[in-house]
Structure formats: C-alpha cells, structure tokens
Amino acid sequence: MSYKPTHSYLKKRISLFIIDIIASAYNTIVTEKDFIVNTTKPEFTGDYTVVLFSLTKKLNTNIKDLATNLGEHLLQNYSDVIASHNLTGAFLNISITESHLLNFLNVEYANSTYSKKPFHGKKVMVEYSSPNTNKPLHLGHLRNNFLGYSIAEIYKWNGYDVFTSCIVNDRGMHICKSMLAWQKWGNGKTPSDTNQKGDHFVGDYYVLFASALKQEIAELQQHGLTEKEAEQKSLLMQEVQKMLVLWEQGDAGIMQLWNMMNGWVYEGFDFTYKKIGTTFDRTYYESKTYLLGKKFVEDGLQEKKFFKKEDHSVWTDLTKYGLDEKLLLRKDGTSVYITQDLGLAENKFNDFAYNTSIYVVGDEQNYHFQVLKIILQQLEKPYANGVYHLSYGMVELPSGKMKSREGTVVDADDLIAEMTTIAKQHSIELGKIDAFNEEQLERLSFTIGMAALKFYLLRVDPKKKMIFNPEESIDFHGFTGPFIQYTYARICSIIDKNNAPITADENTVFLSSLEKELLLEIDLMPHIFEQSLAENNPSLVAVYAYTVAKKFNAFYAQHPILQAENEAIKKMRLRLATFVSYVLKNCAHALGFELPEKM
RNA sequence: GAUCUCGUAGCUCAGUUGGAUAGAGCGACAGCCUUCUAAGCUGUAGGUCAUUGGUUCGAAUCCAAUCGGGAUCACCA
C-alpha cells in the first residue's frame, strides 16, 4: 500500500496493468497501441477510461465479459491504485484510490525536480537563432530563439546531454549588399554617429540597397527587359557579385569593411540576446565553415556522386528522390547556402559527436533541409541520419508577411521595450508593488513583459504559422505567462504566511474532487515532457502549465488554505500548493521565463 | 504547373494521434474584493469543425475530390 516514486504516471501504469492482465487471463500479447486510456469526461464517474472496442475485437470476446474480467483483476491485483470501476457502453471507467494520491503527494511534494529524468548520455545538438548580419532581429527571430531555447531545456529535463549552437550567416550576397550600400552612401558614418544600435544601423543600409536596386530594375524594365534579365543586367548586382568574389579571395580592403560592419552588428545582437536570455555553447560562423563544405563537394565530385556542367558549376542529381538537380557550387566557384551547411554539419559532429542534430529553422526552408540530409547521406556521413529540421511557421501580420522593405517588420527590440512598458503600467495601476523601489519595479516589469512575450510565442504549435496583430498588444490576462507568474506569486505568499509548524495525521484527510483532479494533473507531468520532446513542441508544456495554474486558482479562490477546517487538511493543502509551485516553476524554466515571488 | 502545408466560436488558438454531449483565452454580457495577491474567481451568449463523398460500432481527426489561404521548386541566405 505504499507509493513508489517511479515517475511512471498513472495513465501509463494503467496501460501496463491491462497488458499484464490480458497476457495472463487471455494468454494474448497486446501493446499500448492496441487500446486507449483517456482521462474520464467530467460527466461520468471515474478518473481514467479504457476504451474497449479494439480489445474486444482482438480478443474475440464481448464487451461485458471483458469489462468484468478486467475490472475484477484490476481490483484484485492493483488495489493500492485502483479503487473502483464502472462500465458505460464500451467505456470502462476507473477510479484511483485516494491513498495512492495522498502518498504521491506526501512523497513528491518536496521534490523540486519531480519528473526530471536522470542523465542517460544521449547527445543532442540544438542550433537556433542563426541571424544574418545584415539586419536586426524581428518577431520571427524571437519565435525561433524562444523555441530553440525551450526545446533545449526540454531535452535537458528528459536526461539528454544538450549542446546549443548558433550559425551566424555572416557572408554571402546579402552581406555584400549592405556593405556596398554603406560604401556608396554611408559617408564613413558609424552607429555612434547616428546614435543607433549597430544591427539597426547596418540594417538600414540593406534596406537602402534594396530600394536602390528596385529602382534600377524598374528603369531597366522600362527598356523592355524582364525582371530576371534586369536583375542580371543590373550594375548594382554586378558590383555585389564582384564584391563577393573579392571577399572569397580575401581582399584586404573588403575584409576590413566586412569586419567593421559585422562588429557593429554583433554589438547590437549581444545586447538583444542578453535581454531575451539567449545563450549558446558555441557560435559558428559561415565564413569559417563554407570552405570545408567546398572540400566535400570536391570529394563528391571525385567519387562521381556529383557532376560538373559545361559552365563549371557543380550539381547533384536528386531526381531519384523525387527532387530536382541541386546546385552545389556556382560557375565562378563560389559556394552557395547549402555548401556551407555541409561543412557546418561536419564541424558540429567533430565538436560534439551528437546523436541528433536539431536545426530550428523556418518552414520556408523545408526543402533545403530535406536536400541537406540527402546530400549528407550521399556522402555517407555517419551523422546524416541524425539531422532533424525543427520547422516552424512564419509569424505573420493580419495584412500578410512581414517585409523589411515595406517597413512592416515588428522589430524585436521595440517589442521587448513595449512589453516592459505595458507590464510596468499594469503594475503601477494595480498598486501591489508600492513597496518596490525603481530598480525592483523595472526588473519585475521586464520579467513579466518577457513572460508574456515568450508564452505568447510558445503556446502555439511550432509548425503552424501564427498571426500577430500589432494593433492589439499581447495580453497579460488569461492563457498567458503572467497568469502562471501570478499563480506562483500567490503560492509563495501563502507559504510565506504560514510559518507555524503543523503536525497532523495525514491519513484522516479526504481529497475534494478538484484536489484530486489537480493531483492527477500533476501526475501527468512526466508524460507531458516526454510528449513535448517527442513532438519537439514546447506548446504542450505551456498548455500544461496553464491547466495546472488554472485548476489551482479555481479551487483555492473558494477554499482558502489557511482557513482550512482542520490541521490535517491545511497541511495537505499546503503541500499541494508547494507541489504546484514546483511544477509551475519547472514548466516556466522549460519555457525560458522567470517566476517572481511577488508581483 | 509540381510538391508540401493549413482551413475549428467575432478574434487568437487547443483538441491527448479514431472515442462518450467539440474546449480555452480575448472580446461581449451578468455577478464576486473587511478572509491566503481581483494580472483572479463564478455564470451567460457565441459552432453545419471550409464543402461533398468514402472507410466503420464511432470521424474535427484517416482516404478521395472540390473550394480557399500560405510556403517551396533561385548561380538569395
């Protein structure tokens, strides 16, 4: 009759019980996939429900016999967990014993790392953020950063050895564009001259180039050229291409310009990364990995896995995978995007010997990563199969895609500042933090604003695109980060106000149905984190944290802990509150935001 | 054109991988602050799950077609 802290949640244990019973009573092997265990709908009595349809078919028996049989065996063999059962239709509803739940609570409530898996040595590399050094970060990058950070934390929680990395796209055509623009129209100005963050400063020159190019192409089109022809004929584009070749040759002047401008950008990025709490175990630079990629292409060419066209460009034929031919090296010998990713994969494997390598990159690059994996397989790299693209949808505005050229980009720095300001206004209006000094208020506002922002971006399934309406500011009420924070702060205050030691016999306690629900919810935490990892989807954790917090608030709004009818119940509720606070804290940690003890 | 993807309440999103009468938040409306934090709680209204057909005990979920949005198919990254 004692609870064993196995972290094996009830839903799973019930499945295993049933597999066991069927093996002995029916002499048949079934697996967890042969039947379903659900949480029971509120209108029926019970906690978990086994759906019997598929089992009756498999066992060639009728529902009633099977239900009676299962029910009896459950009660006999697992009486410490199973209290009772009833059958409605083909749904076998099972109730969990109160003693099991109370034991669970009493053993685990003080376990601040409840549901955390022990280290098992499997290595995961998570690459995320991956900025371009030609423009500042925007809302889409924030989704990427928060996703990458969160998924790394979820892997850690599940016992993985995690190594985070960032690839900086610091070279290529787009970088040359902003360099050329600065060379032409910058008049030697620096970010401090215009009092701008470095990334914003450089980004402005990228936009400047884009509009100049657009104008030039429009003029050429008036002379009867198609858009594509115009782009090829464009003097600006030709200059950019020349600059790229010079860059790859290591031209001293170009390198100096490149280093200077990238330096400005990094300064700006560092500021933003620090704010949003993004860190990497290692930063890779495309400028340093692309040469290795070129070598791989040469290797593949030698081994006749790739082929060269008449103009000296190098390709691989992917038609047998249902894809097209793919360019690997341009005719002028310079490398393309995928070339550097080949080198990068090798570098990452040499540095970390990963089992799995996750790339957090937008879904517009699904094709790219499909191709990358195939090419690595063509090259017979041992790490090829571990490549996984964590593809996420774009963040769009109600009017459609964000476009930097049209000025419809939601800038990351601006948004962070705005969230902090709103949080501050709320805090002052509510008047709860009057005792705070200016610095504490600033810190709290930032913590709350960031939680709102992070939760907002993480609560949605990553693979779906999401719509952000700048007209309506991000909410601080309801299904939000601040709601989790609020609940946590309340619990802290409850515990704080009860210093008096309580001694009572726990066995006299009875759980209300809501408390039971809350405990069953907490019991599910290991399952949620496993699922979240299996799907590479932090939104499950966000939803979970909200559900737990919601249930806590719902019950304790009406049943005050400190006014409980007797000491035993008070003690039990304090323990439950503590347990909830740990769960919330761990969820928040996985989602990358802080929980203040007072707000 | 080809491939992929999405379509659920006025808006933003869930929906436990095929299970019972489809759920939250926001917004709207009605209540609740002399008792642990009202960034909260309780209630009401709001749905032909894009459409049509199929598969079966059972479909928002699987299959097909249609309509509608988006992405990719670059010597951009």
Side-chain angles (χ1 to χ4, degrees), chain A residues 11 33 36-41 43-44 49 51-54 56-57 88-91 93 130 132 134 169 171-175 177 228 232 241 286 311 313 315 322-324 326-332 334-338 340-341 362-368 370 391 393-394 396 398 400-401 423 426-427 429-430 432 448 452 456 459-461 463-469 472 475-483 485-487 489-498 524 527-528 531 535 539-540 542-543 546-547 550 553-558 560-563 573-574 577 598-599:
Chain A
K11 212 166 140 179
K33 285 182 179 165
I36 298 162
V37 180
N38 278 332
T39 49
T40 304
K41 301 269 172 197
E43 54 269 32
F44 303 97
T49 299
V51 185
L52 300 177
F53 284 110
S54 51
T56 49
K57 265 184 201 164
T88 48
F91 300 92
N93 303 316
S130 309
N132 290 335
N134 64 340
N169 298 116
R171 47 141 257 127
M173 208 79 95
H174 57 303
I175 308 299
K177 286 178 182 173
K228 207 163 183 180
Q232 281 168 356
Q241 271 150 15
E286 186 183 322
D311 64 1
S313 55
W315 298 72
L323 307 171
D324 287 332
K326 177 77 187 172
L327 177 86
L328 299 176
L329 283 181
R330 296 192 187 100
K331 63 187 171 203
D332 62 9
T334 56
S335 55
V336 289
Y337 180 38
I338 198 139
Q340 64 93 11
D341 253 349
D363 62 5
E364 53 193 356
Q365 293 192 35
N366 287 351
Y367 180 75
H368 170 80
Q370 199 185 348
S391 164
M394 298 288 104
E396 292 181 8
K401 255 192 116 170
H426 275 288
S427 299
E429 278 164 24
L430 291 169
K432 289 191 288 193
I448 295 173
Y456 178 84
R459 59 175 227 203
V460 182
D461 188 333
K463 62 176 175 290
K464 291 196 177 180
K465 74 172 183 200
M466 59 186 293
I467 294 172
F468 173 81
N469 190 349
E472 307 162 11
D475 228 303
F476 287 74
H477 302 270
F479 182 26
T480 65
F483 178 83
Q485 294 178 312
Y486 165 78
T487 308
R490 270 186 61 179
I491 294 175
C492 287
S493 151
I494 289 167
I495 291 165
D496 197 42
K497 285 190 175 146
N498 191 78
L524 225 47
H527 175 62
I528 299 297
Q531 275 305 108
E535 295 177 23
S539 79
L540 302 186
V543 171
Y546 175 72
T547 309
K550 173 94 181 158
N553 275 322
F555 182 73
Y556 289 100
Q558 288 162 33
I561 294 178
L562 303 182
Q563 279 76 48
R573 287 187 184 165
L574 277 170
K598 189 167 170 17
M599 69 181 273

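Order of the sequence lines sets the chain letters (A, B, ...), proteins ahead of strands, with each chain counted from 1.
Within the 4.0 Å cut-off from OP1 or OP2 of rA14(B), not a single side-chain nitrogen or oxygen of Y546(A) is found. Applying the 4.0 Å criterion to OP1 and OP2 of rC41(B), one finds that K550(A) has a side-chain N or O inside that range. Note on H477(A): every side-chain N or O is 4.0 Å or more away from OP1 and OP2 of rG25(B). Listed pair K331(A) / rC75(B) fails the phosphate criterion, with no side-chain N or O lying under 4.0 Å from OP1 or OP2. OP1 or OP2 of rU37(B) sits under 4.0 Å from a side-chain N or O of K497(A). Look at R330(A) and you'll find a side-chain N or O under 4.0 angstrom from OP1 or OP2 of rA77(B). The side chain of K464(A) contributes an N or O atom lying less than 4.0 Å from OP1 or OP2 of rA14(B). The phosphate of rA39(B) has OP1 or OP2 within less than 4.0 Å of a side-chain N or O from K432(A).
The same atom, C1', is picked in rU61(B) and in rU17(B); the two are 8 Å apart, to the nearest Å. rA22(B) and rU12(B): their P atoms are spaced 23 Å apart (whole Å). rG23(B) and rU16(B) are spaced 13 Å apart, taking the C1' atom of each and rounding to whole Å. Taking atom C1' in both rA2(B) and rC62(B), the straight-line distance is 25 Å, to the nearest Å. Between rA45(B) and rA28(B), the distance separating the two C1' atoms is 8 Å to the nearest Å. As rounded to the nearest Å, rU55(B) and rU72(B) have C1' atoms that lie 32 Å from one another. Taking the P atom of each, rU51(B) and rC67(B) are spaced 15 Å apart, rounded to whole Å. Look at the C1' atom in both rG43(B) and rU5(B): the space between them is 40 Å, to the nearest Å.
Relative orientation of the Y546(A) and F483(A) rings is tilted, given thresholds of 30° and 60° on the angle between their planes.
No contact: L323(A) has no heavy atom under 4.0 Å from any strand. At the heavy-atom level, K33(A) lies nowhere under 4.0 Å from the strands shown. Note on D324(A): only backbone sugar-phosphate atoms sit closer than 4.0 angstrom, heavy atoms only; bases stay farther off. At the heavy-atom level, L562(A) lies under 4.0 Å from base atoms of the strands shown. Residue-level contact check: E535(A) touches the bases, meaning some heavy atom is under 4.0 Å from a base atom. As judged by a 4.0 angstrom heavy-atom cut-off over every strand, A554(A) is placed among residues touching the sugar-phosphate backbone only. Among the heavy atoms of the strands lying under 4.0 Å from V460(A) are primed sugar atoms or P, OP1, OP2 only; no base atom is included. Contacts of F91(A) with the nucleic acid, taken as non-hydrogen atoms under 4.0 Å apart, include base atoms. Residue K598(A) is in base contact, counting any heavy-atom pair closer than 4.0 Å across all strands shown. If you check every strand for non-hydrogen atoms under 4.0 Å, M599(A) touches a base. When heavy atoms are screened at a 4.0 angstrom cut-off, D461(A) is found touching the sugar-phosphate backbone but no base atom. R171(A) comes within 4.0 angstrom of sugar-phosphate atoms only, judged by non-hydrogen atoms across all strands, and of no base. Within the 4.0 angstrom heavy-atom criterion, base atoms lie near S427(A). Contact annotation for Q365(A): base contact, defined as any heavy-atom pair under 4.0 Å involving a base atom.
A 4.5 Å side-chain heavy-atom check between H477(A) and Y486(A) finds every atom pair outside the cut-off. The shortest distance between side-chain heavy atoms of D363(A) and K465(A) does not fall below 4.5 Å. Taking 4.5 Å as the limit, some side-chain heavy atom of L327(A) sits within range of a side-chain heavy atom of R330(A). Put simply, the side chain of K57(A) does not reach to within 4.5 Å of the side chain of S54(A), judged on heavy atoms.
Side-chain atoms of N553(A) and base atoms of rA38(B) include no donor and acceptor less than 3.5 Å apart. Remark: the T547(A) side chain and the rA24(B) base include no donor-acceptor N/O pair separated by less than 3.5 Å. For rA39(B), the base has no donor-acceptor partner in the side chain of T480(A) [N/O atoms by modelled type, under 3.5 angstrom].
Side-chain contact of H174(A) with N169(A): a donor-acceptor pair under 3.5 Å is absent, judged by distance alone. With 3.5 Å as the limit, one finds a donor-acceptor pair spanning the side chains of N93(A) and T49(A).
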Checklist entry - Would K401(A) and E396(A) satisfy salt bridge (Lys or Arg N to Asp or Glu O under 4.0 Å), going step by step from the backbone distance to the final call? => result CA-CA 5 Å; K401(A) 255 192 116 170; E396(A) 292 181 8; over 6 Å; no
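The interatomic distance linking Y367(A) (OH) with rA71(B) (C1') rounds to 14 Å, in whole Å.
Between rU37(B), rA77(B), rU35(B), one nucleotide has an atom nearer to the side chain of Q563(A) than all others, and that is rU35(B).
Each of L52(A) and Q241(A) was matched to the nucleotide of RNA chain B holding its nearest heavy atom; the match closer to the 5' end belongs to L52(A).
Pair assignment for rA71(B) gives rU3(B), based on Watson-Crick or G-U wobble hydrogen-bonding distances that are each under 3.5 Å.
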